[in-house]
Amino acid sequence: MNEIRRGTLQEQTFYEQVGGEETFRRLVHRFYEGVAGDPFLRAMYPEEDLGPAEERLTLFLMQYWGGPTTYSDNRGHPRLRMRHAPFAVDRAAHDAWLRHMRVAVEDLGLSEEHETTLWNYLTYAAASMINTPD
């Protein structure tokens, strides 16, 4: 969707197109509901409470898709591979992560185009986190 601002045509960011903060909070909350009930993935989260991890992922995704820069303001550059290096992320972890994220994405009810764009990124990101051979 386009908007006219001060006489110029500006494209909305993906973040704005899909509903902004509320959409990303719903996505990540639903994802972590799945993680909480998955013994394999849950073991990868050292914190007793998944809340901080949920907040970090929410802020990261909001920033990535054109929302506020709160993630970088608070944590610096994302450096995703470095931040995940302490954890053994193999194909099984990748598959489990995507399984819960798939449910979360489908629950959003996005347009086919938006869902495909989001899913393509998430599958790419998940693959890039693998740091341990099977």
Could you check H100 against D38 for side chain to side chain contact (heavy atoms under 4.5 Å, CB included), going step by step and ending with a plain yes or no?
-> CA-CA 9 Å; H100 294 295; D38 182 324; 2.7 Å; yes
How long is the straight-line distance from [atom2] of [Y] back to [atom1] of [X], given to the nearest 0.5 Å?
X	Y	atom1	atom2	result
L118	L61	CG	CG	7.5 Å
W65	T23	CH2	OG1	13.0 Å
Q63	Y15	CD	OH	11.0 Å
L122	W97	CG	CH2	5.0 Å
L27	M62	CG	CE	12.0 Å
E22	H29	CD	NE2	13.0 Å

With the side chain counted from C-beta on, respond yes when [X] and [Y] share a heavy-atom pair under 4.5 Å apart, and no when they do not.
X	Y	value
L108	V18	no
V89	M44	yes
R99	V103	no

Main-chain N/O of T132 paired with D90 side-chain donor or acceptor, under 3.5 Å |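 Side chain of D90 to backbone of T132, a donor-acceptor pair under 3.5 Å: no, none is there.
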Could you label the plane-to-plane angle of the F14 and H114 rings as parallel, tilted or perpendicular, counting under 30° as parallel and over 60° as perpendicular?
->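 F14 and H114: perpendicular rings.
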Exercise: identify the closest heavy-atom pair between A125 and S128 |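 Heavy atoms only, the tightest pair is O-OG, 2.8 Å.
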Between L41 and A93, which heavy-atom pair has the shortest distance, and what is it?
->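 Looking at all heavy atoms of both residues, the closest pair is CD2-O, 4.1 Å.
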Could you list all the salt bridge (charged side-chain N to carboxylate O under 4.0 Å, His left out) pairs where at least one residue sits in residues 104-131, not counting sequence neighbours?
->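 For residues 104-131, and leaving out neighbouring residues, the salt bridge (charged side-chain N to carboxylate O under 4.0 Å, His left out) pairs sorted by first residue read R30-D107, R102-E106, R102-E115.
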Residue pairs, two or more places apart or on separate chains, that pass salt bridge (charged side-chain N to carboxylate O under 4.0 Å, His left out) and touch residues 122-133 =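 Non-adjacent pairs meeting salt bridge (charged side-chain N to carboxylate O under 4.0 Å, His left out): zero.
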With the threshold set at 4.0 Å, does a side-chain nitrogen-carboxylate oxygen contact exist between R25 and E55?
->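 Answer for the salt bridge query: yes.
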Results of side chain to side chain contact (heavy atoms under 4.5 Å, CB included) for A53 - residues two or more places apart only =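 Scan of A53 (side chain to side chain contact (heavy atoms under 4.5 Å, CB included), adjacent residues dropped) gives Y32, Y45, E47, R56.
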Give the C-alpha distance, both sets of side-chain angles, the deciding distance and a yes or no for side chain to side chain contact (heavy atoms under 4.5 Å, CB included) between M101 and L57.
-> CA-CA 12 Å; M101 193 55 83; L57 181 56; 4.2 Å; yes
